[in-house]
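These numbers come from a predicted model, not from an experiment.
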Amino acid sequence: MTTHPRSPAAGLQGARCRGCSVAVYPADAACPRCGGPAEPAVLKSAGTLWTWTVQRYAPKSPPYQPPPGGFEPFAVGYVELDEGVRVAALLEVDDLDAIRIGMPLTVRAGDGVPRARPTTAAEENS
C-alpha cells in the first residue's frame, strides 16, 4: 500500500478519489471504494463524535511511559468529518462525563494520532 506523506502542521492529510470523489484518512494512493487513483487532500476539521470510550487504566509499560503526575484516564473516539470520513482521535475534553455521541468536534493532526476538541460556538457559526 502506498501512502502520501503527512504533515501535522498542515492539518489532516487525507486523499480524494479522482473517479468517485470518496475521501479517505489516512491518505492512500488508491481509492478503497473503486480502486481508482486518489490524490492528496486536506480534510475539513469539523465533525461530530460517532462513538467513543474511556481508557481508565494505564497501558502496559514498556512502551507506555507514565507522565510525571501519573496516569490520568483519557477518551478516544471516532469523529465523522463533514466528508464522511471517520477518524480515530484522542478526545481533548475537560469532563469525561460530558462526552456525547453527536457532539460537534474540531479535529487536528497531532503527534501520533489526531486530536479532537469540542467545537466552540464561534467555530460552529463560521
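With values rounded to the nearest 0.5 angstrom, Phe74 atom CZ is found 12.0 Å from Glu92 atom CD. Rounding to the nearest 0.5 Å gives a distance of 15.0 Å between CZ of Arg115 and OG1 of Thr106. Of the inter-residue distances, the one linking Met103 atom CE with Leu91 atom CG reads 7.5 Å to the nearest 0.5 angstrom.
Between Arg18 and Glu39 there is a salt bridge, since at least one side-chain N of the basic residue sits less than 4.0 Å from a carboxylate O of the acidic one.
When all heavy atoms of Gly35 and Ala30 are compared, the pair lying nearest together is O-CB, 4.3 Å. Heavy-atom minimum distance, Pro114 versus Val87: CG-CG1, 3.7 Å. Nearest heavy atom pair, residue Val93 against residue Leu96, reads CG2-CD2, 3.9 Å. In terms of heavy atoms, Val79 sits closest to Ala89 at CG2-CB, 4.4 Å. Among all heavy-atom pairs drawn from Ser61 and Tyr64, the shortest one is OG-O, 2.6 Å. Scanning all heavy atoms of the two residues, the minimum distance from Cys31 to Ala38 falls at N-CB, 4.3 Å.
Annotation: Asp94, atom CG; neighbour count of heavy atoms from other residues, nucleotides and ligands within 6.0 Å does not exceed 12.
Looking only at distances, a side-chain donor or acceptor of Gln55 sits under 3.5 Å from a matching main-chain atom of Tyr57. No donor-acceptor distance shorter than 3.5 angstrom exists from the side chain of Gln13 to the backbone of Pro40, with no hydrogens or angles considered.
Under the 4.5 Å side-chain heavy-atom criterion for Ile, Leu, Val, Met, Phe, Trp and Tyr, Leu90 and Phe71 are members of the same hydrophobic cluster. Cluster annotation: Leu49 is connected to Leu81 through the hydrophobic network of ILVMFWY side chains, with a link wherever side-chain heavy atoms come within less than 4.5 Å. The hydrophobic cluster containing Val113 does not contain Val42, counting ILVMFWY residues as joined when their side-chain heavy atoms lie under 4.5 angstrom apart, directly or transitively. Note on Ile99 and Val107: same hydrophobic cluster, where clusters join Ile, Leu, Val, Met, Phe, Trp and Tyr whose side-chain heavy atoms are under 4.5 Å apart, directly or indirectly.
Using a 4.5 Å heavy-atom cutoff, the side chains of Val76 and Thr53 are in contact. Side-chain contact between Arg117 and Leu105 is absent, with no heavy-atom pair separated by less than 4.5 Å.
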